[in-house]
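Heads up, the thing below is written out as structure tokens.
Everything numeric here is computed off the predicted structure, so don't read it as measured data. In each ligand, atom 1 is the first atom listed, and ligand 1 is the first ligand listed.
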Amino acid sequence: MQVNLLMTPIEFLKGVGPKRAAVLKKEFSIETYDDLLHYYPYRYVDKSKIYQIKEIQTEGAYMQFYGRVVRYEVVGQQRAKRLVALFEDKSGVIELVWFNGIRWIEQLLAEKREFIVFGRPTLFNHKWNITHPELIDPKTQSESPFPLKFYPLYNSSDKAKKSGMDSKAIAKLQLQLIPQVVDVVQETLSQEMLQKNNFLTMKQALVTIHFPENLEMLNRALLRLKFDELFFTQLRLLKLKLVTTQRVKGHLISKVGDYFNTFYHNYLPFELTNAQKRVIKEIRADMGSGRQMNRLLQGDVGSGKTITALFVMLLALDNDLQTCLMAPTEILALQHYESIRKFLKDMPLTVEFLSGSTRIAKRRVLLEKLKNGEIDILIGTHALIEDEVVFNNLGLVVIDEQHRFGVEQRAKLWRKNSIPPHILVMTATPIPRTLAMTLYGDLDISVINALPKGRKPIITRHFYDRDRLRVLDFMRNQIAEGRQVFVVYPLIKESEKMDLLDLMAGYDAMALEFPLPEYAISMVHGKMKVDEKEYEMQRFVKGETCIMLSTTVIEVGIDVPNATVMLVENAERFGLSQLHQLRGRVGRGGEQSYCILMSGNKLTTESKQRLSAMVNTNDGFEIANIDLRLRGPGDIQGTRQSGMLDFKIADLVKDEKIVSYTRRLAQELLQTDPELSQPQNLPIKKFLDQMLKEYVYYGMIS
Ligand code: ADP
Ligand code: MG
């Protein structure tokens, strides 16, 4: 079998052996020939061009220059001893510095002065210099290990380097490997797609990515490999979606009955926004279609997702089905439980709560009732997913703030019922389009794109620590008017203990400024027991305390309409999306609300950009886009755990166009050949099948 050649354990490659194989596995997860082949360079050394010294702009890039050493001397003593040479070309001068091999370089410079200098310029004391550059005699040209204009640099690690596995060694292994395996590399796209897009074949792309002949070929290889990663991600998601819409039968939820109508006409304390009404209609149409719904409900903080979900739950109840609502934290789940109980207090419905901390005796009773169908709505944490939680007839699952878990967990919920329940996922983190396509590519999307009427836009201000007195005065004024204040501390230290100390110090400082009996302060943090937390929260919710001090546990969900000030300490340590979530905790009542971002007196440029973005806009989508630009997708809250963004080479920000393009192509392909059964699409099907095998839910759709 030819294909198996790629599955050969890496240990058998010449130059590796058992010891290095262990290092490659541990440090880079390289276990087979195939893994090594797909261990791509992170950068290339460009020896195809000679730069001018004045062209140096940024640190970090390898460049080469052509010129003369005009002067050199050895300076410093002992460990600080170094050789410093002044090198000039037509455009300027730069310092070259050596700490090692000084004697050898001195000899070389005594003989010759004209060189091609190759290295990485860095800025030191406002001057450009290159440490340990390569000096190349212009007549011989190549001193590099490869006769190439571009050569690859691979990520290595300290441990790997100790075993001799530095970038150069990895490159040598690639040189060893590639000629052996290149002929068994399988094409993954159809001839038609290759031609239409003028793509390199997979074979060409893989060879080129490691050893490009020139810049143009390198770019084509990059494009081809990025395309593949993104295309197959989209194809997988769309295929899943296609299968669910076509084959997975869902509960038919068509009837609008007493629960829905009674609540709407008698108990709803406000008018729904048009956006909420539209979304409820969209969901109703979906659940009434006979197929299973998998839908994402997006809406900025405060847009009223909970009540929207409640209406959807009432629809399920009207059709004799049970529903559950799941939240990522205990506090959040509890708050949903409280608010939904309050909304439904005059309705004949049983609402229960379940979490990891529900006592065993209580849990037993609850699970029994759930199985018998005596519970209508179950609200809780991840505990709801566990196997022992068995429903009588589960019709709908609502998941709040769910991007903390991905496709796999969603699939697990399907199995809770013989007919899989409808699934509604709610998120307040506005997700940029390309990210949504990838994270939620298998879901339909509804958006609540307006806030309830009468909300005043929150005013956001950034203050430095030195302005603290003014901020404290402002807090006193707001409290004097009967309002309440959130103060949030970041989780910054390595240990929770240290964070707690920070919070405690903050508490002491606040308690001095806001003494009893005039002021009462609540405090909530991760180390508290659930009922303690709940008690403190409730004091604040009821208005018994005027200041709520916490770590980020209040980040999502907590609803206190009388709170008008969100003060964030060390705001520069928070991500933008997180700050936006925090800001969304205020501005929920009719009063003017404020978000105050406190920061240290010295800020980096990026921190300044982040804070001023917050000051300048209240638009969650804009914030998310800026966040994505500044920090990249891996850092957007929770996306990392989902495992959906582990691309080797594609970048959801930079490659936005490719993402959209691959989605369109994948859509078109599945439209013309949904089973991928046409002969020309065989390579695509083969690769996709291989990929799908790795996923849990494959069993459900194949
Ligand atoms: P989020 O979308 O952030 O989860 P919530 O569902 O917590 O927002 O709603 C925020 C607040 O707005 C709650 O107090 C909720 O009762 C209230 N609310 C929701 N819809 C409306 C509406 N149409 N009119 C007025 N207030 C509303
Ligand atoms: Mg919410």
Side-chain angles (χ1 to χ4, degrees), residues 263-265 267-281 283 295-314 325-345 377 379-381 398-404 424-431 445-458 483-484 486 537 540-543 552-564 566 577-591 593 595 618-621 623-624 637-638:
F263 182 71
Y264 187 79
H265 294 295
Y267 302 119
L268 181 63
F270 39 69
E271 175 81 9
L272 289 179
T273 62
N274 287 335
Q276 287 170 318
K277 286 182 193 163
R278 172 178 45 75
V279 165
I280 292 170
K281 262 192 208 136
I283 293 172
R295 185 169 287 271
L296 175 70
L297 173 55
Q298 264 192 349
D300 211 340
V301 257
S303 60
K305 291 184 293 293
T306 312
I307 197 83
T308 307
L310 181 58
F311 273 107
V312 178
M313 292 164 94
L314 292 174
L325 190 161
M326 199 159 66
T329 65
E330 178 114 18
I331 289 202
L332 204 73
L334 266 172
Q335 179 145 53
H336 277 309
Y337 175 65
E338 295 294 337
S339 67
I340 284 178
R341 277 210 356 173
K342 209 157 94 195
F343 279 128
L344 299 180
K345 68 179 184 311
I377 300 178
I379 296 176
T381 57
V398 179
I399 307 171
D400 196 9
E401 307 294 350
Q402 84 90 47
H403 45 277
R404 290 166 203 231
L424 182 67
V425 164
M426 306 196 286
T427 175
T429 307
I431 302 161
I445 297 182
S446 286
V447 183
I448 305 183
N449 56 357
L451 296 180
K453 274 204 268 320
R455 295 264 172 86
K456 298 194 179 85
I458 298 160
R483 304 284 90 79
Q484 290 164 284
F486 286 109
M537 284 303 308
F540 189 67
V541 172
K542 287 184 196 139
T552 38
V553 286
I554 61 147
E555 186 184 320
V556 279
I558 304 305
D559 193 27
V560 184
N562 188 47
T564 55
M566 167 58 67
S577 301
Q578 234 183 341
L579 287 175
H580 183 65
Q581 293 288 323
L582 287 170
R583 174 164 62 184
R585 297 304 105 213
V586 296
R588 304 194 147 220
E591 304 295 331
S593 290
C595 174
N618 271 314
D619 182 335
F621 276 93
I623 301 257
Q637 232 176 20

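- Partners of E591 under the side chain to side chain donor-acceptor pair (under 3.5 Å) rule, at least two apart in sequence or in another chain, do not exist in this structure.
- With distances taken over non-hydrogen atoms, the option nearest atom 3 (O) of ligand 1 out of P269, A275, G302 is G302.
- Going from atom CD1 of I458 over to atom NE2 of H580 covers 8.0 Å, rounded to the nearest 0.5 Å.
- Here the options are L424, V447, I399, V425, the test is side-chain contact (heavy atoms from CB on, under 4.5 Å), and the partner is L296; only V425 passes.
- The environment of K281 atom NZ is sparse: at most 12 non-hydrogen atoms of other residues, nucleotides or ligands sit within 6.0 angstrom.
- Side-chain N or O atoms of K305 include none that pairs as donor or acceptor with a backbone N or O of Q298 at under 3.5 Å.
- Residues A275 and N449 share a closest heavy-atom pair of CB-OD1, 3.5 Å.
- Not a single heavy atom of P561 sits under 4.0 Å from any atom of ligand 1.
- The line from CD of Q581 to CE of M566 is 10.5 Å long, rounded to the nearest 0.5 Å.
- Atom CD of Q276 and atom OG1 of T273 lie 3.5 Å apart (nearest 0.5 Å).
- Close approach of ligand 1 to E271 (heavy-atom distance below 4.0 Å) involves ligand atoms 22 (C), 23 (N), 24 (N).
- By the side chain to side chain donor-acceptor pair (under 3.5 Å) test, R295 pairs with D286, S446, sequence neighbours left out.
- Every N/O-N/O distance between V301 and ligand 1 stays at or above 3.5 Å.
- When non-hydrogen atoms are compared, ligand 1 lies under 4.0 Å from neither the backbone nor the side chain of K342.
- For the pair S303 and ligand 1, a heavy-atom separation below 4.0 Å is found.
- By the 3.5 Å distance cut-off applied to N or O atoms, K305 is counted among the residues near ligand 1.
- Contacts of L272 with ligand 1, taken as heavy-atom pairs under 4.0 Å, involve the backbone alone.
- Against a heavy-atom cut-off of under 4.0 Å, T273 is close to the following atoms of ligand 1: 23 (N).
- For atom 12 (O) of ligand 1, the candidate residues are R455, K453, Q335, R585; the nearest heavy-atom contact is made by R455.
- Residue T306 approaches ligand 1 through these ligand atoms, each under 4.0 Å from one of its heavy atoms: 4 (O), 5 (P), 6 (O), 7 (O).
- Taking every non-hydrogen atom of Q276 and a distance limit under 4.0 Å, the qualifying atoms of ligand 1 come out as 19 (C), 20 (N), 22 (C), 23 (N).
- Assignment of Q581 to the shell around ligand 1 is not supported, since no heavy atom sits closer than 4.0 Å.
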